[in-house]
Each structure stands twice: as C-alpha cells, then as structure tokens.
Amino acid sequence: MPPRFAEPDAATLTLHVIEADALSGWLDGQEAQTRAWVEASGFKGALGQALMLPGAGGRPAGAVAGYGTASARARLRFALAGAIPSLAPGSYRLAGLPDAAAPTEALGWLLSSYRFDRYRANAPQEQQLVAPEGVDAARLEVLAASECLTRDLVNTPAADMGPEALEQAVRALASEFDAAIEVTTGAALESGFPMIHAVGRAAAQAPRLIDLRWGDEGPRLTLVGKGVCFDTGGLNLKPGSSMGLMKKDMGGAANTIGLARAIMALGLKVRLRLLIPAVENSVAGNSFRPGDILTSRKGLTVEINNTDAEGRLVLADALALGDEEAPELMISMATLTGAARVAVGPDLAPFYTDAEDFNAALTAASGPQADPVWRMPFHEPYEAMIEPGIADLDNAPSGGFGGSITAALFLRRFTGQAARYAHFDIYSWQPTAAPGRAKGGLMQGPRAILAALPEVLGL
C-alpha cells in the first residue's frame, strides 16, 4: 500500500521534537517526574534518539525525539526519521518541529515506511504520523507513492523486470491515469529506431520503445528514461564485480516513471510524454559488435567502440523522436556513466543543461525538496572527443577523460528542436541504509524537477 498519513484519534501521542541545545529549556517546563525520567534515561536530544514518556496506567504520555544540531542535520536528508524505530507502535503528532522543516520531515517519515516485500515478508512500520498542520499532505503522499514505485522497479531483479515487465509497469500507469500508450517492439524498431533494435536484439525478450501520452493542454513536457533492464556489457562483457548491480541499469526509466506518476497524480497542466527504450544488453550470435557503425533515427552515424556504452545509443533514438515535437522541456534520465559516480559520488544527481531558467529553478528547488542535484558542464572543447572521423559520432571515446561530459554531449547531438533540454546522469541506488532511505533503489532528481516545473513552464 502507498504510504499514508494517519488520522488523529484519542490514542494519538504527541512527539516533542527537541534540538540538543534546547533540551534544558524544554525540561524546565515539565513536571518533576518527566524531568527525572528524561535525565535518567540519558536522552540528550541527539539525532536518532527517541524516548517514550511515562503516563498514567502504563500508557505513554507522549514521546521525545532528538533533533540534534544544525550541523548534524545537514548530514542527513531526513533527520527526524532516524528516531522512528525507537518509538513505540502508534500514531504521533509532532510538536516543536520548525514549520519550515515540516514538509521534508513528514515526507521522510512516509518514506521510512517503504519495504521491498515482493520476495520476502517484511514487518510494516508501526509508527504512523499525523500530517503536521500547514503541510500539503496530499502532495506529500503523492511524492512518497511515486518514489516507492521507483524503488520497487529498481529493486526488482532483471528476471522479473525485463523489457516486457517494464512495459507492463507503464501500461498499469496508463490505465490508472487514463493515459494513451503505444509500444513499438522487435523488428518493427528497425526502420524508425535502429539503435534501440541493435542494442536489444540479442536478448530473449524483444527490445521496445514505450510511448505514453497524457494531458491535452499546456506546454509540452517530454521525459526520456534509459530502460536497460540488464546490462552484461554485450560483447565487451563486464566483469562479475561490475555486473552485480546491473538490475538497476533501468533506474533512469524508473525515475521518469515515478516522475510521470507524480505529474499525473497532481494534475499538472502539461502535455506529458514519457519515452522509454526498454532493452536488455545481452550476448548472442546477433549481438552488435565493436567496430559496427549504426545509423540512428536522426540520421547521424555512430561508430561502436564499446558495446558496454549502450545506454546512450537507445536514449539517442528516443531523444530524436521526442525532439521532433519541439517540446518546451525535454529531460533524459539515465544510470549512464561510472564517471559521474567518481565525480560526485552516489548521493548527488548531476545534470546538464543549457537552459539557465531551468538550472536556476532546479537548483533553488533542490534544497527545500531534500533532493540534491549538481550542475555539470556541456564543455564544448570536448565535442571533438566524440567525433571518430569514420562516422559522425563515437559511442565510447578513448582516453577515459570526462566520461560523463562526453556522454552528455553525445546525447545533446540528438536534440535541438526542444526549447530546453536537460540530462541527468544518476546512480538511483542507496548503497547503505539511511533515515528515510532504505538500502536499494532510489529516486534522484524528480522531486526537485517537479518543484521547478511551475516556474520553468509557467504552470
């Protein structure tokens, strides 16, 4: 079930949120019994600390949760969520939390309830939150449900999340929100989407381009998500250590699906298009080869110097299709390069854009949405690195320098009609559990994008 806020009732307890340096002042206003209990329990107001307060008849009178210091909170996306496991089962209303922090901490509470339980039963979170006053509870529930969908898609192994299952996930979304969907599959891709076909033709499940449309008024917004459901590396086979997390190589698709869900659930006045090239990069006698030259939908030729640089190939054909409608904003999202992880690590979502209004709005939204992003450059002098001479473009420039930048420059060659284009080179994975963020699949960028859309598109 999607995460929901609890309805208040007579059993709802007050959870006092207390910063470390405000604890003594809070204690001064409490009864002697409460002061003695808190002091004896060693509660200091540190992040992650929580303590039930004794009441009459063995029932708790409430609880306290540490909110630490500003510097400690800066290290966590959802600071309050770390205290949840120490609370007794029940519903809680917050007291003492700064109003500005309420939306973020309430979202963190909802996300802390996420469990990936497709293959193993997991106990549900028994600590429920009553929506704080003044927050847009319905919007936060949409954000949480959309992220949980993204996490589920990424966490599902490739055996159960191949191109067919990814298509079904988008079909389910289309059914839920009365959207139109078209899918081009297998040999039908050869004439219009030759690079999607080339990358996916060796797999047991046919490659496909999934095309969802929703909304009939407002500016055009096109989302393109890399749907490589598993990546062996192709004939340039990955070592086992690099293949272990390749079920998440469709993280770009999962993030755009989650973003599309949020846009539709919130009823934004846009003409939304979601394009997902869904393939598995496998090894067989008909695999595409190093040295092959592919002709893209746009007509640009691409020399294949590494079959493990396949994500940009399938994205290129999808971007070319999306660009033909000249949308006001087109966004691609992909788990595209290891170079991006080296540059900014797993926690930041690097993005590329020439649209200054989108950059400004996205950057401003990032902090309040607890969705950190980092702008990277379309560095023009590196254009020569993606031009091999024998073809228009090189899918894997030699030298190893600026890998995320050259990949972004490659993708930009397949745009030009869109008024604004932005590319996100995300990781979509939480390596270790943190408050509100279970280990595993992760949404990166969509909350900031969603918050930036009204300003950028004039909604």
Side-chain angles (χ1 to χ4, degrees), residues 1-4 77-78 81-82 84-85 89 107-128 141 143-176 200 203-208 210 225-233 238-262 276 278-282 333-335 346 426-444 446:
M1 292 292 293
R4 300 286 186 189
R77 196 80 54 85
F78 305 111
I84 296 172
L107 176 62
W109 194 300
L110 292 178
L111 292 176
S112 71
S113 69
Y114 174 78
R115 304 287 188 273
F116 182 59
D117 55 9
R118 178 166 179 168
Y119 305 98
R120 177 183 178 182
N122 289 295
Q125 179 172 291
E126 297 181 304
Q127 302 87 352
Q128 304 300 311
E141 288 178 341
L143 293 178
S146 300
E147 173 145 0
C148 288
L149 171 61
T150 293
R151 292 183 184 187
D152 277 348
L153 293 172
V154 177
N155 284 332
T156 303
D160 294 322
M161 189 50 65
E164 292 176 2
L166 194 56
E167 176 187 331
Q168 291 308 312
V170 181
R171 287 191 179 279
L173 202 64
S175 177
E176 181 180 359
Q205 292 186 21
R208 62 207 65 206
I210 305 163
K226 173 187 168 185
V228 178
C229 296
F230 194 81
D231 182 16
T232 66
K238 292 178 182 287
S241 59
S242 299
M243 212 182 296
L245 270 182
M246 283 300 99
K247 70 175 184 178
K248 79 170 188 67
D249 211 22
M250 39 65 71
N255 272 259
T256 53
I257 290 170
L259 177 54
R261 185 199 182 281
I276 295 176
V279 303
E280 183 171 338
N281 188 19
S282 298
M333 303 192 81
T335 53
I426 61 176
Y427 192 48
S428 195
W429 190 261
Q430 179 69 25
T432 57
R437 296 185 293 162
K439 180 180 178 180
L442 189 68
M443 181 181 271
Q444 287 186 297

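Positions are given from 1 along the sequence.
- The only member of Y119, W429, Y114 that meets side chain to side chain donor-acceptor pair (under 3.5 Å) when paired with N155 is Y114.
- Every salt bridge (Lys or Arg N to Asp or Glu O under 4.0 Å) that K238 has, sequence neighbours left out, goes to D231, D308.
- For E164, the salt bridge (Lys or Arg N to Asp or Glu O under 4.0 Å) criterion is met by no residue, not counting sequence neighbours.
- For the atom pair OG (S113) and CE (M1), the distance works out to 11.0 Å, reported to the nearest 0.5 Å.
- Contact of the R208 side chain with the I276 side chain is not registered, since no non-hydrogen atoms from C-beta on lie closer than 4.5 Å.
- When each of L111, L107, L110 is checked for a side-chain contact (heavy atoms from CB on, under 4.5 Å) with P3, only L110 meets the rule.
- The CD1 atom of I426 sits 8.0 Å away from atom NZ of K248, with the distance rounded to the nearest 0.5 Å.
- The backbone N or O of E141 sits nowhere less than 3.5 Å from a side-chain atom of R4 that would complete a donor-acceptor pair.
- For the pair Q444 (side chain) and Y427 (backbone), a donor-acceptor distance under 3.5 Å is present.
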* To do: Output, in order, the C-alpha distance, side-chain angles, deciding distance and verdict of side-chain contact (heavy atoms from CB on, under 4.5 Å) for I257 and V170.
  => CA-CA 7 Å; I257 290 170; V170 181; 3.7 Å; yes
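- Of the inter-residue distances, the one linking F230 atom CZ with M250 atom CE reads 13.0 Å to the nearest 0.5 angstrom.
- Of all heavy-atom pairs between A334 and K226, the closest is CB-CB, 3.6 Å.
- Here the closest non-hydrogen pair linking G200 and V279 is CA-CB, 3.9 Å.
- At least one side-chain heavy atom of D152 sits under 4.5 Å from a side-chain heavy atom of F116.
- Side-chain atoms of T256 come within 3.5 Å of backbone N or O of G252 as a donor-acceptor pair.
- Between R118 and D160, some side-chain heavy-atom pair lies under the 4.5 Å cut-off.
- Looking at every heavy atom in both residues, A254 comes nearest to L153 through CB-CB, 3.9 Å.
- Note: R151 CZ to R437 CZ = 8.5 Å, rounded to the nearest 0.5 Å.
- In terms of heavy-atom proximity, I210 sits nearest to A278 at CD1-CB, 4.1 Å.
- When all heavy atoms are compared, the tightest approach of G436 to A81 is N-CB, 3.8 Å.
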* Show your working on side-chain contact (heavy atoms from CB on, under 4.5 Å) between L442 and E147 and close with a plain yes or no. => CA-CA 7 Å; L442 189 68; E147 173 145 0; 3.6 Å; yes
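- Remark: Q430 CD to R77 CZ distance equals 7.5 Å, nearest 0.5 Å.
- With hydrogens and angles disregarded, no donor-acceptor distance shorter than 3.5 Å links the side chain of W109 to the backbone of F78.
- Rounding to the nearest 0.5 Å places CD of Q128 at 9.5 Å from CD1 of I84.
- Looking only at side-chain heavy atoms (C-beta outward), L166 and M161 come within less than 4.5 Å of each other.
- For S428, the side-chain hydrogen bond (donor to acceptor under 3.5 Å, both in side chains) partners two or more places apart in sequence, or in a different chain, are N255.
- Considering only heavy atoms from C-beta on, Q125 comes within 4.5 Å of S112 through its side chain.
- M246 is not listed as a side-chain neighbour of T232, based on a closest heavy-atom distance of 4.5 Å or more.
- Residues L173 and L149 meet the side-chain proximity criterion, which asks for heavy atoms closer than 4.5 Å.
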